[in-house]
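A short worksheet on the structure shown next.
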Amino acid sequence: MSEEQTGKGGWLSRLKAGLRKTSSRIGDGLAGIFTKRKLDAETLEELEELLIQADLGPVTAAKVTAAMGKGRYGQDLGLDEIKGLLADEITKILEPVAVPLAFSRAESGPRVVVMVGVNGTGKTTTLGKMAAAAVADRRRVLLAAGDTFRAAAVEQLEIWGQRAGVPVFKRETGADAAGLAYDAVERARREGADIVFIDTAGRLHNKAGLMAELQKIIRVIGKVDASAPHDIVLALDATTGQNAINQVETFKSMVPLSGLVLTKLDGTAKGGVLVALADRFGLPVHAVGVGEGIDDLKPFEARAFARALVGLEGPER
Ligand SMILES: Nc1nc2c(ncn2[C@@H]2O[C@H](COP(=O)(O)OP(=O)(O)OP(=O)(O)O)[C@@H](O)[C@H]2O)c(=O)[nH]1
């Protein structure tokens, strides 16, 4: 991998730093379980407990442990070999959901991406980063300030629009979010944009109100383009751990989610929850946030993530 990725400030080193709390817990735990002990029912039970504590959740921990024990009972395996097997089993769960977000035009016109998520999870920041990535991919991009509830959110998206060199479609605070979404998609079609990213409010304390607003946004967008929105992406803060599962359940109950972005993996991330999310929901993980900068959004790489999670160096086997 390049210096940019593996160097001190590189995103992979920031990802590993963010996962260090989890990877050292797993690494130390594995050493405690498997030093001078074979792979057997007892050590596998202790491994399952360790994985639950690392935010994988009971169902996924049991699945990974069972797979590791298959055909290896009684074997004397070195610590790095155990870590490698664990990383392989986690990679198998993560690989199917490692799906980058497409920036290309849809058949019907501009790709319409609606970003949802609780306030503070990094929705607006992630939209700014995605807009910059789409520009770098030589796409014509429009951002829409759909969080009309908070003036600060509109201003923040405008700042990100300037950073990414992308126009921001906005209305006065309090304007109808669905009307804004309709007008934004109309403008994207008129101007021949390839993709339009629509930010939304994240006030979960008023779940009924938020649900009604999000469902109206989706319905109204469908009036402009029956196949839109093409993506409904949930931003999840990786430091919230198991709570991310509840957030996926909540937003899935409100709207047809099509993918996830996990933010703040450079923070004290509880990265094990990503394995639980992949195993439980199978929703594509489009990207991971590894910092506050405009380039700090990276495609999700299953093996690199799995090896960082268990404390193995580099993405190679
Ligand atoms: N370290 C780090 N900080 C992040 C990341 N993504 C977002 N942030 C920070 O998290 C905070 C919240 O980000 P926002 O984009 O405002 O979150 P939001 O979901 O839009 O919140 P509202 O605007 O209140 O809806 C900001 O300080 C961001 O800089 C990340 O990947 N890593």
Side-chain angles (χ1 to χ4, degrees), residues 5 9-22 101 113-133 143-164 166 168 170 173-175 177 180-181 197-207 209-211 213-214 217 232-241 243-244 246-248 250-251 254-255 257 259-271 273-274 285-301 304-305 308:
Q5 291 165 323
W11 68 269
L12 199 55
S13 49
R14 261 176 285 152
L15 173 66
K16 279 192 287 187
L19 292 176
R20 185 141 305 126
K21 198 170 164 195
T22 303
L101 183 73
V113 181
V114 175
M115 179 67 80
V116 298
V118 177
N119 281 3
T121 50
K123 273 192 314 301
T124 309
T125 301
T126 300
L127 282 177
K129 294 171 178 177
M130 281 187 168
L143 280 166
D147 184 353
T148 56
F149 187 76
R150 287 179 345 102
V154 176
E155 283 146 31
Q156 195 196 3
L157 194 66
E158 284 189 295
I159 292 167
W160 277 106
Q162 281 152 21
R163 284 179 189 157
V166 163
V168 174
K170 63 173 188 171
T173 306
L180 179 134
F197 293 103
I198 302 176
D199 196 2
T200 63
R203 309 181 306 283
L204 253 195
H205 58 273
N206 172 9
K207 188 181 158 193
L210 178 62
M211 182 191 293
E213 182 172 275
L214 291 180
I217 287 171
I232 302 176
V233 179
L234 173 63
L236 287 171
D237 176 342
T239 61
T240 57
N243 187 34
N246 305 333
Q247 286 183 27
V248 174
T250 300
F251 277 91
M254 293 197 277
V255 292
L257 287 182
L260 307 174
V261 170
L262 214 70
T263 65
K264 310 186 191 179
L265 269 164
D266 55 303
T268 48
K270 296 176 178 168
V273 74
L274 183 51
V285 176
H286 293 313
V288 291
V290 286
E292 299 192 273
I294 198 163
D295 295 327
D296 290 331
L297 186 74
K298 300 298 172 187
F300 174 60
E301 290 174 7
F305 185 92

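Each ligand, and each atom within it, is numbered from 1 in the order the structure gives.
For a threshold of 3.5 Å applied to N or O pairs, the pair formed by Arg150 and ligand 1 contains at least one separation below that value. An N or O contact shorter than 3.5 Å is missing between Leu265 and ligand 1 by distance. Residue Thr263 has no nitrogen or oxygen atom sitting less than 3.5 Å from a nitrogen or oxygen atom of ligand 1, judged on distance alone. The N/O atoms of Thr124, backbone and side chain alike, include one that comes under 3.5 Å of an N/O atom in ligand 1. When only interatomic distances are considered, the shortest N/O to N/O separation between Ala153 and ligand 1 does not fall below 3.5 Å.
Annotation: atom 11 (C) of ligand 1 to nearest protein heavy atom, Lys264 NZ, 4.2 Å. The nearest protein atom to atom 26 (C) of ligand 1, hydrogens excluded, is given as Glu292 OE2, 4.0 Å; this is a heavy-atom distance. In terms of protein heavy-atom proximity, atom 17 (O) of ligand 1 is closest to Gly122 N, 3.0 Å.
Not a single side-chain hydrogen bond (donor to acceptor under 3.5 Å, both in side chains) links Lys129 to another residue, sequence neighbours left out. Thr240 is linked by a side-chain hydrogen bond (donor to acceptor under 3.5 Å, both in side chains) to nothing, counting only residues two or more places apart in sequence or in another chain.
Within the listing of ligand 1, atoms 31 (O) sit less than 4.0 angstrom from a heavy atom of Gly289. In the vicinity of Val118, heavy-atom distances shorter than 4.0 Å reach the ligand 1 atoms 19 (O). Near Gln156, with a cut-off below 4.0 Å to any heavy atom, the atoms of ligand 1 are 14 (P), 15 (O), 16 (O), 23 (O). Distances below 4.0 Å separate heavy atoms of Thr125 from the following atoms of ligand 1: 6 (N), 7 (C), 13 (O), 14 (P), 15 (O), 28 (C).
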Please lay out, stage by stage, how Leu260 and Phe300 fare under the test side-chain contact (heavy atoms from CB on, under 4.5 Å).
CA-CA 10 Å; Leu260 307 174; Phe300 174 60; over 6 Å; no

Starting from the C-alpha separation in whole Å, work towards a yes-or-no answer on side-chain contact (heavy atoms from CB on, under 4.5 Å) for Leu265 and Leu19.
CA-CA 7 Å; Leu265 269 164; Leu19 292 176; 3.9 Å; yes

Please step through side-chain contact (heavy atoms from CB on, under 4.5 Å) for the pair Met254 and Val116, ending with a clear verdict.
CA-CA 11 Å; Met254 293 197 277; Val116 298; over 6 Å; no

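Using a 4.5 Å heavy-atom cutoff, the side chains of Met130 and Val261 are in contact. A 4.5 Å side-chain heavy-atom check between Arg150 and Asn119 finds at least one atom pair inside the cut-off. Put simply, the side chain of Leu157 does not reach to within 4.5 Å of the side chain of Lys170, judged on heavy atoms. Contact of the Leu127 side chain with the Trp160 side chain is not registered, since no non-hydrogen atoms from C-beta on lie closer than 4.5 Å.
Of all the heavy atoms of Val290, the ones lying under 4.0 Å from any atom of ligand 1 belong exclusively to the backbone. With a 4.0 Å heavy-atom cut-off, ligand 1 is reached by the side chain of Asp266 but not by its N, CA, C or O.
One finds the CG atom of Leu262 at 13.0 Å from the NZ atom of Lys270 (value rounded to the nearest 0.5 Å).
Contact annotation: Gly120 has at least one heavy atom less than 4.0 Å from an atom of ligand 1. Using a 4.0 Å cutoff on heavy atoms, Asp296 does not count as a contact of ligand 1. Residue contacts with ligand 1 include Lys129, since one or more of its heavy atoms lies under 4.0 Å from the ligand. At least one heavy atom of Gly291 sits under 4.0 Å from some atom of ligand 1.
In this structure a side-chain-to-backbone donor-acceptor pair under 3.5 Å is present from Lys123 to Gly117.
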